[in-house]
Amino acid sequence: MGRKRVAVIGAGVCGLSSIKCCLDEGLEPTCFERSGDIGGLWRFEENPEEGRASIYRSVIINTSKEMMCFSDFPIPDDFPNYMHHSKIMKYFRMYANHFDLLKYIRFKTIVVSVTKRPDFSTTGQWDIVTETAGKQESAVFDGVMVCTGHHTNAHLPLDSFPGIEKFKGRYFHSRDYKKPQEFSGKRVIVIGIGNSGTDLAVELSHTADQVFLSTRRGAWILGRIGEEGYPMDTIYITRYLEFLKRIVPLCLLNYFAEKKLNAKFNHAIYGLQPNSLHGVILQHPTFNDDLPNRIISGKVLVKPNIREFTETSAIFEDGTREEDIDVVVFATGYSFSFPFLGDCAKVIKNQVSLYKFVFPPQLEKPTLAFIGLIQPLGAIMPIAELQGRWATRVFKGLNGLPSASNMMADIAQKREEMAKRYVKSQRYTIQMDYIPYMDEVACLAGVKPKLLSLFLMDPKLAVEVFFGPCTSYQYRLRRPGKWDGARKAILTQRERIIKPLKTRVLDDYTGALVPYYLQIFLIVALLTVTFLLLTFLCNQLCISFS
Ligand code: FAD
Ligand code: NAP
């Protein structure tokens, strides 16, 4: 029998890693990409294209390089920790070239339909109709990997904004925003306080006359930069903290996280604090180091939700009104759909039933996988790669899936957990924690690192795996898919974080020093005070007992 043929739909980051996973498992991939190039969302164009996600010119990613890279292809050590989209594209091109992936991609080819073949229950095969330059073609595939992304269709909730039809200014979704120059001198309202809303509000505030940032719920604002200047995700996405999260009650974690964030700037004073249902750990993180600065400078004014628009103004839910509004940007997120799939995966209110966010549970054969359809508290790329490694092994029959009823039960449990933790919003239908989800999929693929034996066999590595950033190389330490460079990549990850910052060679200055005699004096003073305090306490005790 020949090699199994797999159709990969989309050549964004998830499509690229899926092609590679197919090749690693000896499958024969054909990738269909509707546009003329790889990269998906991360390839910037001046004008938004139909059917492909669109980003603004200034986008800088908010997941750091060590946390977002593919597990057997570290990002070059001189690349910045948080990359501009142009640098990200450079990395994806390096990846595609290194693993020779381009020859498997058919560009300018749209997948029009994916349907089960009549003998699907025995073969698991699919008929795929594609269209290239207006000409349709059909082909048979043994497996399908859907990699079409979930940040393409704008969610534009105009129904929630009475009067918008009367508004005489300009309004549009953040997907259509490219650069700030054309908004110079304007009065702009940005609706939504996700990463798009805050990025746009900050950028526009440099040229606009005034920016209003409207939010119905508020948000906790995190920074990209953590303690000692290390990327935030490399500090907080560790196995050690994940372990603590499991034993410390959620309310305590939220309490300490809020205390820490408020120490930087008080979210209540800045008008950003969400209500109690929206604790730090109970929301998708909004990263913006510049927002508090723009707020305290008065260039961004935080406002509540909008009750109504008039021809020229916006009336907010607290009754306040802002006149002479020129522009409204709806940074209200995205919805997803799979028009080519028919009934195989129904999306209702941004929800689709998938086992581990990958496999539809009701199919007679597990030959359809969704890759990257997840909103992690971390980077999507390593997740998509691991999903691809697992899915291709399932396609090959090397890993099995539970019964349909068990998969449905797992899906229901995940939904229940999500409903308990997050507010009801279409933003929170595919939300997942990074390490628990990676470990779950890694278990299924048989590649989860074995910490206990690692501590016995290789304690140095084990310490970095447990206490250090949980980078994707950890999932390449074992077969199947072991990468010989994984150990070294883990032990050198901190060097790669620091490398791009070393652009000025420093002398041996070790920081402000306290002279030796002053240190002795302070120690003696401290001991004397302690001695006096103890003597005083003893005297008090003797008096009260006598
Ligand atoms: P996409 O990149 O959207 O690629 C999908 C591809 O499929 C496209 O090339 C499209 O042309 C093609 N396609 C679609 N339909 C068809 C069809 N019918 N036939 C053929 N081809 C088709 N994630 C992070 O991990 N970290 C971040 O910091 C981060 N920042 C983000 C910033 C912004 C502004 C946005 C909007 C998203 C961000 N994301 C981030 C999430 C982002 O979606 C992922 O990083 C990643 O791009 C998803 O890749 P993908 O391959 O799944 O989808
Ligand atoms: P998002 O995270 O879904 O945020 C949408 C915002 O709009 C939320 O504040 C939401 O409020 C609000 N909203 C939605 N419907 C609304 C309504 N009817 N009325 C009022 N408010 C409404 O969307 P996004 O900011 O575009 O981000 C999409 C993805 O891209 C995320 O994964 C994000 O991390 C990523 N991203 C990253 C960067 C970066 O790396 N620099 C930049 C932009 C985006 P509720 O919370 O109340 O629902």
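For ligands, and for the atoms within them, numbers begin at 1 and follow the listed sequence.
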Chi angles and distances behind the ring-ring contact (aromatic ring centres under 6.0 Å, His included) call for Y171, F309: CA-CA 12 Å; Y171 68 86; F309 281 101; 7.9 Å; no

Atom pair CD/CG of E258 and L253 - distance to nearest 0.5 Å: 11.0 Å

For ligand 1, is any non-hydrogen atom under 4.0 Å from H151's backbone (N, CA, C, O), its side chain (CB onward), both, or neither? side chain

Hey, looking at atom 34 (O) of ligand 2, which of N305, N195, T286, L213 has the closest heavy atom? N195

Can you pull out the closest protein heavy atom to atom 1 (P) of ligand 2? Residue, atom name and distance to 0.1 Å, please. R427 NE, 3.4 Å

Please confirm whether R224 makes a cation-pi placement over F287, using NZ or CZ under 6.0 Å from the six-membered ring centre and within 45° of the ring normal. no

Mode of P157 contact toward ligand 2 - side chain, backbone, both, neither (heavy atoms, under 4.0 Å): side chain

Pair F370 + F338: ring centers closer than 6.0 Å: yes

Taking T132 for the side chain and K135 for the main chain, is one N or O donor matched with an acceptor at less than 3.5 Å? no

Does S196 have a heavy atom less than 4.0 Å from any atom of ligand 1? no

Note: heavy atom closest to atom 16 (C) of ligand 2, options H173, H151, Q375, R216, belongs to R216

Treating D326 as the side-chain partner and G169 as the backbone partner, does any N or O pair qualify as donor plus acceptor under 3.5 Å? no

When you measure from atom 28 (O) of ligand 1 to each heavy atom in I38, I61, L16, which option holds the nearest one? I61

Charged N to carboxylate O below 4.0 Å: is that the case for R43 and E45? yes

Counting only heavy atoms closer than 4.0 Å, does ligand 1 sit against the backbone of T109, its side chain, both, or neither? backbone

Numbering the atoms of ligand 1 from 1, which are under 4.0 Å from a heavy atom of A379? 25 (O)

Ring centroid separation F330 to H173 under 6.0 Å: no

Please determine whether any non-hydrogen atom of Y82 lies less than 4.0 Å from an atom of ligand 2. no

When distances are taken from atom 8 (C) of ligand 1, the protein heavy atom at minimum range is E33 OE1, 3.5 Å

Which of the atoms in ligand 1, numbered in the order shown and given with their element, are less than 4.0 Å from a heavy-atom of F32? 20 (C), 21 (N)

In terms of side-chain geometry, is the basic nitrogen of R106 or E33 positioned less than 4.0 Å from the acidic oxygen of its partner? no

So between V146, V59, D37, L41, whose heavy atom ends up nearest atom 2 (O) of ligand 1? L41

On the ring face of F79, is K87 found with NZ or CZ under 6.0 Å from the centre and within 45° of the axis? yes

What do you reckon, are the aromatic ring centroids of F161 and F167 less than 6.0 Å apart? no

With heavy atoms only and a cut-off of under 4.0 Å, state how A331 meets ligand 2: side chain, backbone, both or neither. backbone

Give a yes or no answer on whether the side chain of S337 reaches the backbone of P339 with a donor-acceptor pair at less than 3.5 Å. no

For atom 9 (O) of ligand 2, which candidate among I61, I193, I380 holds the nearest heavy atom? I193

Using a 4.0 Å heavy-atom cut-off, which part of R224 comes near ligand 2: side chain, backbone, both, or neither? side chain

Judged by heavy atoms only, the candidate from T332, T198, L200, I55 nearest atom 13 (N) of ligand 2 is T332

Hits for ring pair (Phe, Tyr, Trp, His ring centres under 6.0 Å) against F44, two or more places apart or cross-chain, chain-then-number order -> H85

I60 and ligand 2 - part of the residue with a heavy-atom distance under 4.0 Å: backbone

Could you identify the single nearest non-hydrogen protein atom to atom 19 (N) of ligand 1 and state the distance to 0.1 Å? V111 N, 3.0 Å

Any heavy atom of F161 sitting closer than 4.0 Å to ligand 2? yes

Name the orientation class of the two ring planes belonging to Y334 and H151 (parallel below 30°, tilted from 30 to 60°, perpendicular beyond 60°). perpendicular

Please confirm whether G12 approaches ligand 1 to less than 4.0 Å, judged on its heavy atoms. yes

Using a 4.0 Å cutoff against the non-hydrogen atoms of H284, which atoms of ligand 2 qualify? 31 (C), 32 (O), 33 (C), 34 (O)

Considering the heavy atoms of G192, write down every atom of ligand 2 situated less than 4.0 Å from one of them. 6 (C), 7 (O), 9 (O), 12 (C)

Could you check atom 38 (C) of ligand 1 against the protein and tell me its nearest heavy-atom contact, residue, atom and distance included? W42 CZ2, 4.1 Å

Taking the ring of F359 and the ring of W390, is the distance between their centroids below 6.0 Å? yes

Determine, considering heavy atoms only, which of I380, I88, T63 sits nearest to atom 26 (N) of ligand 1. T63

Do any N/O atoms on D199 end up under 3.5 angstrom from N/O atoms on ligand 2? yes

Give a yes/no verdict on whether any heavy atom in M381 is under 4.0 Å from an atom of ligand 1. yes

Note, Y95 side chain near S17 side chain (heavy atom, < 4.5 Å): yes

Judged by heavy atoms only, the candidate from G10, G149, C147 nearest atom 3 (O) of ligand 1 is G149

Could you grab the distance from atom NZ of K65 to atom CZ of R496, nearest 0.5 Å is fine? 7.5 Å

Heavy-atom contact under 4.0 Å between H150 and ligand 2? no

